[in-house]
*Asks:* 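Submitted below is the structure of interest, expressed as C-alpha coordinates.
Note on naming: letters A, B, ... go to the chains in the order of the sequence lines (proteins, then strands), and numbering restarts at 1 for each one. Just so it is clear, the model here is predicted, and its values are computed rather than measured.
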Protein chains: 2
Amino acid sequence: MSVIRKGKETASEGKRKPQRVPSAAALNRRMRNSEKKRATILDAALSTFSKYGLHGASIDQIALQADVSKTNLFYYFSSKEELYVSVLRELLDLWLKPLRAFTVEQDPIEAIRDYVRVKLEFSRDHPAESRLFCMEVMQGAPLMLTELQQPLHDLVENKIEVIQTWIDQGKLAPVEPYHLVFSLWATTQHYADFRVQVEAVAGKTLEDPGFFQETLSSLETIILNGVRPR
Amino acid sequence: MSVIRKGKETASEGKRKPQRVPSAAALNRRMRNSEKKRATILDAALSTFSKYGLHGASIDQIALQADVSKTNLFYYFSSKEELYVSVLRELLDLWLKPLRAFTVEQDPIEAIRDYVRVKLEFSRDHPAESRLFCMEVMQGAPLMLTELQQPLHDLVENKIEVIQTWIDQGKLAPVEPYHLVFSLWATTQHYADFRVQVEAVAGKTLEDPGFFQETLSSLETIILNGVRPR
DNA sequence: ATAATTTCAGACCATTTGGTCTGAAATAGA
DNA sequence: TCTATTTCAGACCAAATGGTCTGAAATTAT
(Lines give C-alpha, C1' and ligand atoms only; values in the text may rest on other atoms or scores of the structure.)
Protein backbone atom coordinates (compact mmCIF):
# COMPACT_ATOMS: atom_id res chain seq x y z
CA MET A 1 0.00 0.00 0.00
CA SER A 2 1.48 3.23 -1.04
CA VAL A 3 1.20 6.25 1.17
CA ILE A 4 0.32 8.27 -1.83
CA ARG A 5 -3.18 6.88 -2.00
CA LYS A 6 -5.17 9.56 -0.31
CA GLY A 7 -8.36 8.29 1.27
CA LYS A 8 -8.11 5.99 4.27
CA GLU A 9 -8.86 2.44 3.21
CA THR A 10 -12.36 1.39 4.12
CA ALA A 11 -12.31 -1.07 6.98
CA SER A 12 -13.54 -4.10 5.07
CA GLU A 13 -12.89 -4.08 1.38
CA GLY A 14 -14.62 -7.26 0.18
CA LYS A 15 -12.46 -9.05 -2.39
CA ARG A 16 -9.06 -8.97 -0.75
CA LYS A 17 -6.35 -11.48 -1.47
CA PRO A 18 -6.12 -13.29 1.86
CA GLN A 19 -2.80 -11.75 2.79
CA ARG A 20 -1.02 -10.20 5.72
CA VAL A 21 -3.27 -8.00 7.74
CA PRO A 22 -0.96 -5.63 9.60
CA SER A 23 -1.62 -5.24 13.28
CA ALA A 24 -3.35 -2.11 14.35
CA ALA A 25 -0.40 -1.11 16.48
CA ALA A 26 2.08 -1.46 13.66
CA LEU A 27 -0.19 0.37 11.32
CA ASN A 28 -0.46 3.14 13.81
CA ARG A 29 3.26 3.36 14.25
CA ARG A 30 3.71 3.45 10.52
CA MET A 31 1.03 6.04 10.15
CA ARG A 32 2.62 8.15 12.79
CA ASN A 33 6.02 8.01 11.16
CA SER A 34 4.56 8.58 7.78
CA GLU A 35 2.46 11.47 8.94
CA LYS A 36 5.37 12.97 10.76
CA LYS A 37 7.48 12.91 7.64
CA ARG A 38 4.71 14.36 5.58
CA ALA A 39 4.38 17.11 8.14
CA THR A 40 8.10 17.79 8.05
CA ILE A 41 8.02 18.08 4.30
CA LEU A 42 4.95 20.29 4.36
CA ASP A 43 6.70 22.52 6.84
CA ALA A 44 9.78 22.90 4.72
CA ALA A 45 7.60 23.47 1.69
CA LEU A 46 5.61 26.19 3.39
CA SER A 47 8.73 27.97 4.47
CA THR A 48 10.38 27.72 1.09
CA PHE A 49 7.34 28.50 -1.03
CA SER A 50 6.55 31.51 1.11
CA LYS A 51 10.04 32.85 0.59
CA TYR A 52 10.48 32.21 -3.12
CA GLY A 53 7.06 31.47 -4.52
CA LEU A 54 5.88 28.36 -6.32
CA HIS A 55 8.30 28.75 -9.20
CA GLY A 56 11.17 30.24 -7.30
CA ALA A 57 11.31 27.36 -4.87
CA SER A 58 12.95 24.17 -6.05
CA ILE A 59 12.14 20.65 -4.95
CA ASP A 60 15.80 20.07 -4.14
CA GLN A 61 15.74 23.04 -1.83
CA ILE A 62 12.66 21.81 -0.02
CA ALA A 63 13.96 18.26 0.23
CA LEU A 64 17.22 19.54 1.64
CA GLN A 65 15.48 21.63 4.23
CA ALA A 66 13.20 18.78 5.22
CA ASP A 67 16.25 16.55 5.37
CA VAL A 68 14.89 13.95 2.99
CA SER A 69 16.03 12.90 -0.45
CA LYS A 70 14.22 14.20 -3.48
CA THR A 71 13.12 10.67 -4.29
CA ASN A 72 11.72 10.34 -0.83
CA LEU A 73 9.82 13.56 -1.18
CA PHE A 74 8.29 12.35 -4.40
CA TYR A 75 7.28 9.21 -2.58
CA TYR A 76 5.02 11.29 -0.37
CA PHE A 77 3.91 13.89 -2.88
CA SER A 78 3.52 12.93 -6.48
CA SER A 79 4.42 16.32 -7.90
CA LYS A 80 5.54 19.78 -6.98
CA GLU A 81 2.10 21.09 -7.63
CA GLU A 82 0.48 18.53 -5.37
CA LEU A 83 2.87 19.50 -2.62
CA TYR A 84 2.09 23.14 -3.14
CA VAL A 85 -1.63 22.59 -3.12
CA SER A 86 -1.35 20.49 0.01
CA VAL A 87 0.37 23.35 1.73
CA LEU A 88 -2.32 25.74 0.57
CA ARG A 89 -5.12 23.50 1.73
CA GLU A 90 -3.78 23.33 5.28
CA LEU A 91 -3.29 27.05 5.22
CA LEU A 92 -6.79 27.89 4.11
CA ASP A 93 -8.21 26.11 7.13
CA LEU A 94 -6.03 28.08 9.48
CA TRP A 95 -6.76 31.30 7.70
CA LEU A 96 -10.52 30.99 7.77
CA LYS A 97 -10.84 29.86 11.35
CA PRO A 98 -10.81 33.19 13.22
CA LEU A 99 -13.64 34.64 11.22
CA ARG A 100 -15.98 31.84 12.22
CA ALA A 101 -15.97 33.19 15.77
CA PHE A 102 -18.18 36.16 14.89
CA THR A 103 -21.70 35.68 16.21
CA VAL A 104 -24.64 38.04 16.62
CA GLU A 105 -24.79 37.40 20.33
CA GLN A 106 -21.45 39.08 20.92
CA ASP A 107 -20.96 42.71 21.61
CA PRO A 108 -19.72 44.04 18.27
CA ILE A 109 -17.00 46.21 19.71
CA GLU A 110 -15.69 43.28 21.71
CA ALA A 111 -16.02 40.93 18.76
CA ILE A 112 -14.05 43.22 16.52
CA ARG A 113 -11.47 43.86 19.18
CA ASP A 114 -10.99 40.12 19.59
CA TYR A 115 -10.80 39.57 15.87
CA VAL A 116 -8.12 42.18 15.45
CA ARG A 117 -6.09 40.60 18.21
CA VAL A 118 -6.44 37.07 16.85
CA LYS A 119 -5.54 38.13 13.33
CA LEU A 120 -2.59 40.09 14.57
CA GLU A 121 -1.43 37.07 16.52
CA PHE A 122 -1.76 35.08 13.35
CA SER A 123 0.45 37.57 11.57
CA ARG A 124 2.98 37.28 14.34
CA ASP A 125 2.90 33.52 14.77
CA HIS A 126 2.30 32.42 11.19
CA PRO A 127 3.96 34.95 8.94
CA ALA A 128 4.91 32.35 6.36
CA GLU A 129 1.32 31.21 6.07
CA SER A 130 0.14 34.77 5.76
CA ARG A 131 2.60 35.57 3.02
CA LEU A 132 2.00 32.43 1.03
CA PHE A 133 -1.71 33.03 1.17
CA CYS A 134 -1.14 36.58 0.01
CA MET A 135 1.07 35.48 -2.85
CA GLU A 136 -1.39 32.92 -4.05
CA VAL A 137 -4.36 35.25 -3.94
CA MET A 138 -2.35 38.00 -5.56
CA GLN A 139 -1.54 35.86 -8.55
CA GLY A 140 -5.20 35.11 -9.00
CA ALA A 141 -5.18 32.03 -6.80
CA PRO A 142 -4.86 29.77 -9.83
CA LEU A 143 -4.58 26.68 -7.68
CA MET A 144 -6.85 27.64 -4.85
CA LEU A 145 -9.64 29.66 -6.38
CA THR A 146 -12.07 26.80 -6.67
CA GLU A 147 -11.54 25.80 -3.07
CA LEU A 148 -11.37 29.35 -1.83
CA GLN A 149 -14.25 30.96 -3.59
CA GLN A 150 -17.24 29.03 -2.33
CA PRO A 151 -16.39 28.60 1.35
CA LEU A 152 -15.03 32.11 1.60
CA HIS A 153 -18.03 33.62 -0.06
CA ASP A 154 -20.44 31.69 2.12
CA LEU A 155 -18.59 32.41 5.31
CA VAL A 156 -18.26 36.09 4.61
CA GLU A 157 -21.85 36.41 3.50
CA ASN A 158 -22.83 34.97 6.81
CA LYS A 159 -20.67 37.38 8.76
CA ILE A 160 -21.83 40.29 6.68
CA GLU A 161 -25.31 39.59 7.94
CA VAL A 162 -24.09 39.59 11.49
CA ILE A 163 -22.44 42.94 11.02
CA GLN A 164 -25.48 44.32 9.28
CA THR A 165 -27.61 43.23 12.19
CA TRP A 166 -25.34 45.07 14.57
CA ILE A 167 -25.63 48.16 12.44
CA ASP A 168 -29.40 47.88 12.30
CA GLN A 169 -29.44 47.60 16.07
CA GLY A 170 -27.46 50.81 16.26
CA LYS A 171 -24.55 49.07 17.87
CA LEU A 172 -22.23 49.95 15.04
CA ALA A 173 -21.81 52.99 12.82
CA PRO A 174 -23.31 52.49 9.38
CA VAL A 175 -20.45 51.23 7.25
CA GLU A 176 -20.63 48.84 4.35
CA PRO A 177 -19.90 45.51 6.10
CA TYR A 178 -17.77 44.19 3.23
CA HIS A 179 -15.34 47.00 3.58
CA LEU A 180 -15.11 46.67 7.31
CA VAL A 181 -14.08 43.06 6.81
CA PHE A 182 -11.57 44.02 4.16
CA SER A 183 -10.10 46.70 6.39
CA LEU A 184 -9.72 44.24 9.21
CA TRP A 185 -7.98 41.75 6.97
CA ALA A 186 -5.78 44.32 5.31
CA THR A 187 -4.56 46.12 8.39
CA THR A 188 -3.74 43.02 10.37
CA GLN A 189 -2.12 41.03 7.60
CA HIS A 190 -0.06 43.99 6.58
CA TYR A 191 2.31 43.41 9.47
CA ALA A 192 3.17 39.95 8.20
CA ASP A 193 3.06 40.50 4.47
CA PHE A 194 4.91 43.80 4.49
CA ARG A 195 7.12 42.89 7.36
CA VAL A 196 10.31 44.18 5.77
CA GLN A 197 8.65 47.45 4.94
CA VAL A 198 7.34 47.79 8.45
CA GLU A 199 10.79 47.02 9.71
CA ALA A 200 12.38 49.53 7.36
CA VAL A 201 10.03 52.23 8.55
CA ALA A 202 9.43 51.47 12.20
CA GLY A 203 12.52 49.43 12.93
CA LYS A 204 10.49 46.78 14.72
CA THR A 205 8.36 43.73 14.05
CA LEU A 206 5.47 42.02 15.78
CA GLU A 207 7.90 39.69 17.47
CA ASP A 208 8.81 42.60 19.68
CA PRO A 209 6.17 42.38 22.42
CA GLY A 210 6.12 46.11 22.93
CA PHE A 211 5.58 46.73 19.26
CA PHE A 212 2.87 44.10 19.17
CA GLN A 213 0.97 45.83 21.94
CA GLU A 214 1.47 49.22 20.37
CA THR A 215 0.20 47.91 17.03
CA LEU A 216 -2.77 46.26 18.63
CA SER A 217 -3.87 49.33 20.50
CA SER A 218 -3.30 51.58 17.49
CA LEU A 219 -5.45 49.40 15.30
CA GLU A 220 -8.07 49.26 18.00
CA THR A 221 -8.06 53.01 18.28
CA ILE A 222 -8.39 53.59 14.57
CA ILE A 223 -10.83 50.88 13.67
CA LEU A 224 -12.96 50.71 16.76
CA ASN A 225 -13.40 54.45 16.81
CA GLY A 226 -14.08 54.23 13.12
CA VAL A 227 -17.03 51.92 13.60
CA ARG A 228 -18.31 52.98 17.00
CA PRO A 229 -21.75 54.52 16.67
CA ARG A 230 -21.73 58.25 17.28
CA MET B 1 27.40 53.13 -28.96
CA SER B 2 25.33 50.50 -27.40
CA VAL B 3 22.04 51.37 -25.82
CA ILE B 4 22.93 49.18 -22.93
CA ARG B 5 25.34 51.68 -21.48
CA LYS B 6 23.35 53.32 -18.80
CA GLY B 7 24.47 56.84 -17.99
CA LYS B 8 24.01 59.54 -20.58
CA GLU B 9 27.36 60.31 -22.19
CA THR B 10 28.92 63.48 -20.93
CA ALA B 11 28.75 66.20 -23.54
CA SER B 12 32.44 66.47 -24.26
CA GLU B 13 34.49 63.41 -23.56
CA GLY B 14 38.05 64.52 -24.26
CA LYS B 15 40.01 61.79 -26.09
CA ARG B 16 37.54 60.69 -28.74
CA LYS B 17 38.55 59.18 -31.99
CA PRO B 18 37.54 61.93 -34.43
CA GLN B 19 34.62 60.00 -35.87
CA ARG B 20 31.07 60.49 -37.02
CA VAL B 21 29.13 62.81 -34.82
CA PRO B 22 25.49 62.01 -35.41
CA SER B 23 23.17 64.91 -35.92
CA ALA B 24 21.08 65.92 -32.98
CA ALA B 25 17.90 65.24 -34.91
CA ALA B 26 18.91 61.72 -35.82
CA LEU B 27 20.04 61.05 -32.33
CA ASN B 28 16.71 62.22 -31.08
CA ARG B 29 14.81 60.06 -33.47
CA ARG B 30 16.91 57.10 -32.48
CA MET B 31 16.48 57.88 -28.86
CA ARG B 32 12.78 58.12 -29.29
CA ASN B 33 12.54 54.76 -31.03
CA SER B 34 14.88 53.20 -28.62
CA GLU B 35 13.06 54.58 -25.62
CA LYS B 36 9.74 53.53 -27.03
CA LYS B 37 10.93 49.98 -27.41
CA ARG B 38 12.39 49.95 -23.95
CA ALA B 39 9.09 51.20 -22.64
CA THR B 40 7.18 48.52 -24.52
CA ILE B 41 9.40 45.85 -23.06
CA LEU B 42 9.14 47.28 -19.57
CA ASP B 43 5.39 47.27 -19.93
CA ALA B 44 5.25 43.66 -20.94
CA ALA B 45 7.67 42.80 -18.19
CA LEU B 46 5.61 44.55 -15.55
CA SER B 47 2.48 42.78 -16.64
CA THR B 48 4.12 39.38 -16.79
CA PHE B 49 6.19 39.68 -13.63
CA SER B 50 3.18 40.85 -11.69
CA LYS B 51 1.19 37.83 -12.83
CA TYR B 52 3.79 35.12 -12.37
CA GLY B 53 6.55 36.56 -10.25
CA LEU B 54 10.21 36.94 -11.09
CA HIS B 55 10.82 33.23 -11.45
CA GLY B 56 7.46 32.27 -12.85
CA ALA B 57 7.75 34.69 -15.74
CA SER B 58 9.96 33.68 -18.64
CA ILE B 59 11.89 35.94 -20.92
CA ASP B 60 10.31 34.29 -23.93
CA GLN B 61 6.90 35.11 -22.57
CA ILE B 62 7.81 38.75 -22.03
CA ALA B 63 9.46 39.05 -25.41
CA LEU B 64 6.41 37.54 -27.06
CA GLN B 65 4.08 39.94 -25.32
CA ALA B 66 6.27 42.91 -26.17
CA ASP B 67 6.41 41.63 -29.74
CA VAL B 68 10.18 41.59 -29.91
CA SER B 69 12.59 38.73 -30.27
CA LYS B 70 14.38 37.43 -27.25
CA THR B 71 17.67 38.54 -28.76
CA ASN B 72 16.27 41.98 -29.20
CA LEU B 73 15.12 42.09 -25.62
CA PHE B 74 18.59 41.16 -24.46
CA TYR B 75 19.92 43.96 -26.58
CA TYR B 76 18.07 46.43 -24.39
CA PHE B 77 18.37 44.65 -21.06
CA SER B 78 21.43 42.64 -20.34
CA SER B 79 19.76 40.11 -18.08
CA LYS B 80 16.43 39.06 -16.68
CA GLU B 81 17.37 40.51 -13.36
CA GLU B 82 18.28 43.86 -14.83
CA LEU B 83 14.94 43.97 -16.57
CA TYR B 84 13.19 43.10 -13.35
CA VAL B 85 15.04 45.70 -11.36
CA SER B 86 14.34 48.30 -14.03
CA VAL B 87 10.66 47.59 -13.67
CA LEU B 88 10.92 47.89 -9.91
CA ARG B 89 12.77 51.15 -10.06
CA GLU B 90 10.08 52.82 -12.17
CA LEU B 91 7.51 51.43 -9.85
CA LEU B 92 9.07 52.71 -6.69
CA ASP B 93 8.91 56.25 -7.98
CA LEU B 94 5.24 55.95 -8.73
CA TRP B 95 4.55 54.29 -5.44
CA LEU B 96 6.25 56.89 -3.29
CA LYS B 97 4.85 59.92 -5.04
CA PRO B 98 1.47 60.30 -3.31
CA LEU B 99 2.95 60.37 0.16
CA ARG B 100 5.11 63.38 -0.65
CA ALA B 101 1.98 65.50 -0.85
CA PHE B 102 1.48 65.50 2.94
CA THR B 103 2.40 68.87 4.42
CA VAL B 104 1.78 70.44 7.80
CA GLU B 105 -0.10 73.33 6.26
CA GLN B 106 -2.93 71.11 5.15
CA ASP B 107 -5.95 70.27 7.17
CA PRO B 108 -5.20 66.74 8.37
CA ILE B 109 -8.65 65.38 7.72
CA GLU B 110 -8.53 66.72 4.19
CA ALA B 111 -4.99 65.50 3.68
CA ILE B 112 -5.87 62.00 4.75
CA ARG B 113 -9.03 62.00 2.72
CA ASP B 114 -7.03 63.00 -0.35
CA TYR B 115 -4.39 60.41 0.34
CA VAL B 116 -6.94 57.64 0.59
CA ARG B 117 -8.46 58.69 -2.68
CA VAL B 118 -5.16 58.91 -4.51
CA LYS B 119 -3.98 55.56 -3.20
CA LEU B 120 -7.26 53.97 -4.11
CA GLU B 121 -6.99 55.42 -7.58
CA PHE B 122 -3.54 53.94 -7.77
CA SER B 123 -4.94 50.55 -6.86
CA ARG B 124 -7.54 50.93 -9.55
CA ASP B 125 -5.31 52.31 -12.27
CA HIS B 126 -2.07 50.48 -11.54
CA PRO B 127 -2.99 47.12 -10.11
CA ALA B 128 -0.04 45.39 -11.71
CA GLU B 129 2.36 47.87 -10.14
CA SER B 130 0.71 47.45 -6.79
CA ARG B 131 0.91 43.69 -6.91
CA LEU B 132 4.48 43.54 -8.12
CA PHE B 133 5.51 45.90 -5.37
CA CYS B 134 3.70 43.74 -2.87
CA MET B 135 5.33 40.58 -4.16
CA GLU B 136 8.77 42.04 -3.99
CA VAL B 137 8.38 43.44 -0.50
CA MET B 138 6.79 40.23 0.67
CA GLN B 139 9.75 38.18 -0.40
CA GLY B 140 12.03 40.46 1.52
CA ALA B 141 12.65 42.86 -1.34
CA PRO B 142 15.93 41.13 -2.16
CA LEU B 143 16.48 43.31 -5.19
CA MET B 144 14.97 46.52 -3.96
CA LEU B 145 15.75 46.71 -0.29
CA THR B 146 18.81 48.89 -0.66
CA GLU B 147 16.96 51.33 -2.86
CA LEU B 148 13.78 51.14 -0.87
CA GLN B 149 15.02 51.35 2.65
CA GLN B 150 16.70 54.70 2.78
CA PRO B 151 14.30 56.86 0.78
CA LEU B 152 11.28 55.17 2.30
CA HIS B 153 12.58 55.58 5.81
CA ASP B 154 13.44 59.22 5.29
CA LEU B 155 10.18 60.05 3.60
CA VAL B 156 8.07 58.33 6.19
CA GLU B 157 10.04 59.82 9.05
CA ASN B 158 9.28 63.20 7.62
CA LYS B 159 5.58 62.49 7.31
CA ILE B 160 5.47 60.98 10.77
CA GLU B 161 6.55 64.34 12.09
CA VAL B 162 3.80 66.05 10.17
CA ILE B 163 1.22 63.71 11.62
CA GLN B 164 2.66 64.11 15.11
CA THR B 165 2.39 67.85 14.76
CA TRP B 166 -1.26 67.55 13.84
CA ILE B 167 -1.81 65.38 16.88
CA ASP B 168 -0.01 67.83 19.13
CA GLN B 169 -2.20 70.58 17.75
CA GLY B 170 -5.23 68.54 18.70
CA LYS B 171 -6.30 68.25 15.09
CA LEU B 172 -6.01 64.49 15.13
CA ALA B 173 -6.76 61.83 17.72
CA PRO B 174 -3.64 60.52 19.44
CA VAL B 175 -2.62 57.50 17.40
CA GLU B 176 0.86 56.21 16.75
CA PRO B 177 1.63 57.86 13.40
CA TYR B 178 3.44 54.80 12.03
CA HIS B 179 0.38 52.71 12.36
CA LEU B 180 -1.85 55.26 10.79
CA VAL B 181 0.40 55.24 7.76
CA PHE B 182 0.44 51.44 7.67
CA SER B 183 -3.33 51.34 7.92
CA LEU B 184 -3.66 53.74 5.05
CA TRP B 185 -1.32 51.70 2.89
CA ALA B 186 -2.85 48.40 3.84
CA THR B 187 -6.48 49.25 3.36
CA THR B 188 -6.05 50.96 0.02
CA GLN B 189 -3.65 48.49 -1.52
CA HIS B 190 -5.78 45.62 -0.42
CA TYR B 191 -8.20 46.25 -3.27
CA ALA B 192 -5.48 45.76 -5.85
CA ASP B 193 -3.43 43.04 -4.20
CA PHE B 194 -6.37 40.94 -3.06
CA ARG B 195 -8.50 41.76 -6.02
CA VAL B 196 -9.62 38.19 -6.64
CA GLN B 197 -10.56 37.80 -3.02
CA VAL B 198 -12.48 41.05 -3.05
CA GLU B 199 -14.18 39.88 -6.19
CA ALA B 200 -14.98 36.50 -4.68
CA VAL B 201 -16.54 38.13 -1.67
CA ALA B 202 -18.12 41.31 -2.98
CA GLY B 203 -18.51 40.35 -6.62
CA LYS B 204 -17.08 43.66 -7.76
CA THR B 205 -13.78 45.42 -8.35
CA LEU B 206 -12.58 49.01 -8.26
CA GLU B 207 -13.13 49.24 -11.99
CA ASP B 208 -16.80 49.39 -11.22
CA PRO B 209 -17.31 53.12 -10.55
CA GLY B 210 -20.07 52.50 -8.06
CA PHE B 211 -17.93 50.11 -6.12
CA PHE B 212 -15.03 52.52 -6.21
CA GLN B 213 -17.16 55.24 -4.67
CA GLU B 214 -18.57 52.89 -2.10
CA THR B 215 -15.09 51.74 -1.15
CA LEU B 216 -13.81 55.26 -0.94
CA SER B 217 -16.56 56.46 1.34
CA SER B 218 -16.36 53.35 3.49
CA LEU B 219 -12.65 53.82 4.03
CA GLU B 220 -13.21 57.47 4.72
CA THR B 221 -15.84 56.63 7.28
CA ILE B 222 -13.75 54.08 9.06
CA ILE B 223 -10.39 55.79 9.00
CA LEU B 224 -11.38 59.42 9.26
CA ASN B 225 -13.69 58.71 12.16
CA GLY B 226 -10.94 56.63 13.61
CA VAL B 227 -8.51 59.53 13.69
CA ARG B 228 -10.83 62.47 14.17
CA PRO B 229 -10.21 64.07 17.54
CA ARG B 230 -13.05 63.46 19.97
C1' DA C 1 13.93 -17.19 9.20
C1' DT C 2 11.64 -15.58 5.30
C1' DA C 3 8.56 -13.61 2.22
C1' DA C 4 5.88 -9.51 1.28
C1' DT C 5 5.59 -4.74 1.40
C1' DT C 6 6.89 -0.22 2.35
C1' DT C 7 10.37 3.20 2.29
C1' DC C 8 13.99 5.30 0.29
C1' DA C 9 18.71 6.43 -2.33
C1' DG C 10 21.46 7.38 -6.64
C1' DA C 11 21.87 7.50 -11.30
C1' DC C 12 19.60 9.15 -14.98
C1' DC C 13 16.44 11.67 -18.31
C1' DA C 14 13.88 15.32 -20.80
C1' DT C 15 12.48 19.83 -20.83
C1' DT C 16 12.72 24.52 -19.81
C1' DT C 17 15.11 28.56 -19.91
C1' DG C 18 18.43 32.32 -19.28
C1' DG C 19 21.78 33.74 -22.12
C1' DT C 20 25.40 33.79 -26.24
C1' DC C 21 27.32 33.67 -31.00
C1' DT C 22 27.31 34.77 -35.77
C1' DG C 23 26.06 37.36 -39.02
C1' DA C 24 22.61 39.89 -41.55
C1' DA C 25 19.39 43.98 -42.19
C1' DA C 26 18.58 48.82 -41.14
C1' DT C 27 20.12 53.28 -40.36
C1' DA C 28 23.03 57.17 -40.53
C1' DG C 29 27.08 60.01 -41.65
C1' DA C 30 30.36 61.29 -45.39
C1' DT D 1 27.33 55.50 -53.01
C1' DC D 2 30.17 53.76 -49.46
C1' DT D 3 31.32 52.94 -44.76
C1' DA D 4 30.50 52.72 -39.86
C1' DT D 5 27.30 51.75 -36.39
C1' DT D 6 23.17 50.25 -34.44
C1' DT D 7 19.57 46.99 -34.34
C1' DC D 8 18.01 42.62 -34.55
C1' DA D 9 16.99 37.40 -35.93
C1' DG D 10 17.98 32.29 -35.61
C1' DA D 11 20.68 28.70 -34.26
C1' DC D 12 22.79 27.18 -30.48
C1' DC D 13 24.50 26.19 -25.56
C1' DA D 14 24.89 25.07 -20.64
C1' DA D 15 22.75 24.88 -16.35
C1' DA D 16 18.81 24.08 -13.54
C1' DT D 17 15.13 21.36 -12.44
C1' DG D 18 10.91 18.45 -12.21
C1' DG D 19 10.42 13.89 -12.43
C1' DT D 20 11.51 8.56 -13.35
C1' DC D 21 13.82 4.03 -13.07
C1' DT D 22 16.18 0.41 -10.76
C1' DG D 23 17.10 -1.70 -7.05
C1' DA D 24 18.49 -1.85 -2.26
C1' DA D 25 17.50 -1.28 2.82
C1' DA D 26 13.76 -1.38 6.53
C1' DT D 27 9.88 -2.99 8.30
C1' DT D 28 6.25 -6.25 9.14
C1' DA D 29 3.58 -10.44 9.30
C1' DT D 30 3.76 -15.49 9.34
Side-chain angles (χ1 to χ4, degrees), chain A residues 1-5 9 16-41 45 48-49 52-85 143, chain B residues 1-5 9 16-38 40-41 45 48-49 52-86 143:
Chain A
M1 171 183 90
S2 159
V3 163
I4 287 174
R5 295 175 53 180
E9 316 263 88
R16 257 285 175 64
K17 275 183 249 160
Q19 275 177 349
R20 311 291 139 77
V21 173
S23 78
L27 245 181
N28 269 343
R29 203 163 62 242
R30 263 239 162 104
M31 262 325 208
R32 276 221 312 281
N33 275 338
S34 179
E35 284 306 310
K36 215 158 96 186
K37 210 155 196 177
R38 272 184 72 94
T40 308
I41 295 170
T48 310
F49 282 138
Y52 308 103
L54 167 57
H55 302 283
S58 77
I59 290 287
D60 292 88
Q61 217 176 340
I62 296 171
L64 190 74
Q65 192 181 330
D67 199 39
V68 298
S69 72
K70 190 164 67 163
T71 313
N72 199 4
L73 189 153
F74 275 116
Y75 177 75
Y76 288 94
F77 299 91
S78 62
S79 72
K80 188 184 189 182
E81 196 175 292
E82 196 213 310
L83 174 58
Y84 183 72
V85 171
L143 296 171
Chain B
M1 172 183 91
S2 159
V3 163
I4 288 175
R5 295 176 52 179
E9 316 264 88
R16 258 287 177 63
K17 275 182 250 159
Q19 275 177 349
R20 310 290 140 77
V21 173
S23 78
L27 246 182
N28 269 343
R29 203 162 62 242
R30 263 241 160 105
M31 263 323 206
R32 274 222 313 281
N33 275 338
S34 180
E35 285 305 310
K36 215 158 96 186
K37 209 155 198 175
R38 271 185 74 94
T40 307
I41 294 171
T48 309
F49 282 138
Y52 307 103
L54 168 56
H55 301 284
S58 77
I59 291 285
D60 292 271
Q61 217 177 341
I62 296 171
L64 190 74
Q65 191 180 330
D67 200 38
V68 298
S69 72
K70 189 165 67 164
T71 313
N72 199 4
L73 188 154
F74 276 115
Y75 178 75
Y76 288 94
F77 299 90
S78 62
S79 72
K80 187 185 188 181
E81 196 174 293
E82 196 212 310
L83 174 57
Y84 183 72
V85 171
S86 300
L143 297 171

*Asks:* Has B:Asp67 got more than 12 heavy atoms of other residues, nucleotides or ligands less than 6.0 Å from its CG?
*Replies:*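 At most 12 heavy atoms, drawn from other residues, nucleotides or ligands, come within 6.0 Å of this atom.
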
*Asks:* Do A:Lys37 side-chain atoms and A:Ala66 backbone N/O form a donor-acceptor pair below 3.5 Å?
*Replies:*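 No, A:Lys37 side chain to A:Ala66 backbone: no donor-acceptor pair under 3.5 Å.
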
*Asks:* Under 3.5 Å, is there any donor-acceptor pair linking the side chain of A:Ser78 to the base of D:dG19?
*Replies:*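 Looking at the base of D:dG19, it does not pair with any donor or acceptor on the side chain of A:Ser78 (distance under 3.5 Å).
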
*Asks:* Should the heavy atoms of other residues, nucleotides or ligands under 6.0 Å from OH of A:Tyr52 be counted, would the total exceed 12?
*Replies:*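 No, the 6.0 Å shell around OH holds no more than 12 heavy atoms from other groups.
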
*Asks:* Where each residue is assigned the nucleotide of DNA chain D containing its nearest heavy atom, which of A:His55 and B:Val68 is assigned the position nearer the 5′ end?
*Replies:*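 Its nucleotide being nearer the 5' end, the pick is B:Val68.
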
*Asks:* Starting at atom OH of B:Tyr76, determine the distance to atom P of C:dG19, rounded to an integer number of angstrom.
*Replies:*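 Nearest whole value for this atom pair: 18 Å.
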
*Asks:* In whole Å, what is the span from the OH atom of B:Tyr75 to the P atom of D:dT7?
*Replies:*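 One finds 3 Å between P of D:dT7 and OH of B:Tyr75, rounded.
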
*Asks:* Mind checking if B:Ala57 touches a base, just sugar-phosphate, or nothing, with heavy atoms under 4.0 Å?
*Replies:*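 Counting heavy atoms under 4.0 Å across all strands, the contact made by B:Ala57 is with sugar-phosphate only.
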
*Asks:* Any idea which of C:dG18, C:dG19, D:dT7 is nearest the B:Ser79 side chain?
*Replies:*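 Selected nucleotide (nearest to the side chain): C:dG19.
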
*Asks:* To the nearest Å, how far apart are A:Lys37 NZ and C:dA9 C1'?
*Replies:*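 My rounded result for the distance is 11 Å.
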
*Asks:* Nearest to the side chain of A:Asp60, which nucleotide is it out of D:dA9, D:dT17, D:dG19?
*Replies:*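 Closest nucleotide to the A:Asp60 side chain: D:dT17.
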
*Asks:* Under 4.0 Å, counting only non-hydrogen atoms across every strand here, what does A:Ser58 touch: a base, just sugar-phosphate, or nothing?
*Replies:*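 Sugar-phosphate, backbone atoms only, no base.
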
*Asks:* Would you kindly give the CG-to-C1' distance between B:Leu73 and C:dT20, to the nearest whole Å?
*Replies:*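 Taking atom C1' of C:dT20 as the reference, CG of B:Leu73 is at 14 Å.
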
*Asks:* Expressed in angstrom and rounded to an integer, what is the separation of B:Lys80 atom NZ from D:dA15 atom P?
*Replies:*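 Going from B:Lys80 (NZ) to D:dA15 (P), I get 18 Å.
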
*Asks:* I need the minimum non-hydrogen distance between A:Leu54 and A:Lys80, along with the two atoms involved.
*Replies:*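 Between these two residues, the closest heavy atoms are O-NZ, 2.8 Å.
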
*Asks:* Quickly work out the A:Phe74 CZ to C:dA11 P distance and round it to whole Å.
*Replies:*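 That distance rounds to 18 Å.
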
*Asks:* Starting at CG of B:Asn72 and ending at C1' of D:dA9, how long is that distance when rounded to a whole Å?
*Replies:*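 Roughly 9 Å, once rounded to whole Å.
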
*Asks:* Please report the interatomic distance OG1(A:Thr48) to CG(A:Asp60), rounded to the nearest 0.5 Å.
*Replies:*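 With rounding to 0.5 Å, OG1 (A:Thr48) is 11.5 Å from CG (A:Asp60).
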
*Asks:* Is there a side-chain polar atom (N or O) of B:Thr71 under 4.0 Å from OP1 or OP2 of D:dA9?
*Replies:*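 Result: no.
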
*Asks:* Between atom CD1 in A:Ile59 and atom P in D:dT17, what is the gap in whole Å?
*Replies:*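 Answer to the nearest Å: 11 Å.
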
